[in-house]
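Only a predicted model underlies this, so the values are computations on that prediction, with no experimental measurement involved.
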There are 2 protein chains.
Amino acid sequence: MTKKSADPANGSAPAARQVPMRDFSRSLPMSLLRAREAVMRQFRPSLREHGLTEQQWRILRALAAIEAVEVTELARTAFLLGPSLSRILRDLEARNLIERKTAKADQRRSMVSISKEGVKLMASVAPTSEAIYAEITRRFGARKLAELQEMLGELERSLAGLGGADETIAGE
Amino acid sequence: MTKKSADPANGSAPAARQVPMRDFSRSLPMSLLRAREAVMRQFRPSLREHGLTEQQWRILRALAAIEAVEVTELARTAFLLGPSLSRILRDLEARNLIERKTAKADQRRSMVSISKEGVKLMASVAPTSEAIYAEITRRFGARKLAELQEMLGELERSLAGLGGADETIAGE
DNA sequence: GGGAGATGCTTAACATGTTAAGTGAATGCG
DNA sequence: CGCATTCACTTAACATGTTAAGCATCTCCC
């Protein structure tokens with residue numbers, strides 16, 4: 001439906017096909033990207049209806065399970081970089097979905113926690129979110145889903161310590 | 001090495017633990033995100049050395065395999081949204097890595113192709129890139145890698161047509 | 001053949017990813 | 001104590017993701 005046949009109605013054909021590489025669309029990064037997008041596409045509309053982005057939702061979920069965390073620890077949990085988290089927390093705080101207060105022992109640290117309003121918002125989103133997740137599980141198969149997650153974890157572990165660049169290993 | 005023990009030196013503990021949900025860090029989107037990040041972390045430094053971002057590299061690779069494509073088709077291939085692609089093409093064109101000319105038959109369409117310089121740049125990046133991919137394959141295992149990719153493809157297919165929102169199905 | 005609607009692409013606006021620099025508060029050590 | 005370092009975060013700057021408009025061009029159909 002999408003691709004027509006060749007369209008040779010063009011003059012000079014510029015350079016191409018010089019560099020042999022794996023078929024681009026089958027590279028691992030692309031597979032992972034497409035799979036994740038296919039999954040997130042299911043959730044985004046529902047989140048959007050509640051005025052939340054994917055990352056904001058991640059943060060609220062991470063906060064819902066604990067009393068309070070430091071920003072750095074939250075960044076690890078929600079898998080966000082510091083600067084992104086910093087901005088998002090500023091916004092979530094302005095919307096009264098989270099609360100922040102500096103730690104007593106160390107003035108540098110700030111402890112973040114979800115607010116009552118935040119909990120309320122989560123309660124209104126969670127059912128739909130869980131339903132979507134259930135449907136995905138149903139379609140793909142619970143067994144296969146578990147297998148997939150296991151493989152993803154293995155992949156992650158097998159690449160740990162192969163840090164692309166400044167690894168700052170002991171003895172450096 | 002990273003997490004200390006509990007630090008109960010805090011007064012009022014705000015609302016939390018009200019909304020029961022799956023363990024956040026084990027959700028499928030997070031697994032996919034972390035796995036992809038683990039992989040991309042390997043490639044980014046090399047690309048960066050050559051002044052390329054991940055997306056720019058995707059575009060060059062997509063272009064290397066063909067003579068010329070329309071922008072929309074390229075967006076599909078490189079898995080980028082129109083607006084992102086539009087910006088990136090503007091920059092790549094300014095750097096003389098790609099060429100663009102409007103199609104004769106339809107003035108709306110513009111045909112994009114990689115330039116001689118673009119091919120040269122690819123040739124300088126490809127070896128390192130392939131080496132990294134080979135190392136990833138070695139670490140994770142070629143067999144398992146193929147399995148993983150197969151599962152990712154299945155996941156994608158099983159969610160196709162479950163379009164999160166405005167699906168624009170016939171009869172709507 | 002002319003105007004309504006579809007199409008291909010770009011711009012705009014806002015949120016996040018990514019790297020680097022900045023800031024204020026702890027720490028280590030002479 | 002004093003001061004260089006480290007640490008926890010925040011700001012800044014630039015690139016992309018994401019949605020909505022904008023703008024030509026094309027198509028279709030009366």
Counting C-beta onward and ignoring hydrogens, is there a side-chain heavy-atom pair between B:M30 and B:S25 closer than 4.5 Å?
no

A:K101 NZ to D:dA8 P, in whole Å, measures 20 Å

Starting at atom CG of B:D106, determine the distance to atom C1' of C:dA6, rounded to an integer number of angstrom.
12 Å

Here the distance between atom C1' of C:dA26 and atom CZ of A:R108, to the nearest Å, is 4 Å

Taking only Lys NZ, Arg NE, NH1 and NH2, and the carboxylate oxygens of Asp or Glu, determine whether A:R139 and A:E135 approach each other closer than 4.0 Å.
yes

What are the two closest non-hydrogen atoms of A:L97 and A:L60, and how far apart are they?
O-CD2, 4.3 Å

Phosphate oxygens OP1/OP2 of C:dT10: is one of them under 4.0 Å from a side-chain N or O of B:R100?
yes

Assign a letter to each nucleotide of nucleotides 11-18 of chain C from its 5' end: B, base within under 4.0 Å of a protein heavy atom; S, sugar-phosphate only; -, no contact.
BBB--BBB

Nearest 0.5 Å, what's the CD-CG distance between A:E37 and B:L81?
7.5 Å

Atom-pair distance (CD on B:E73; P on C:dT7), nearest Å:
16 Å

Using a cut-off of less than 4.0 Å, is there contact between a side-chain N or O of B:R109 and OP1 or OP2 of C:dG8?
yes

Would you mind checking if A:E150 and A:R157 are paired as a salt bridge, meaning a charged N to carboxylate O distance below 4.0 Å?
yes

One should read off an interatomic distance between A:M111 CE and A:E73 CD, to the nearest 0.5 angstrom, of 9.5 Å

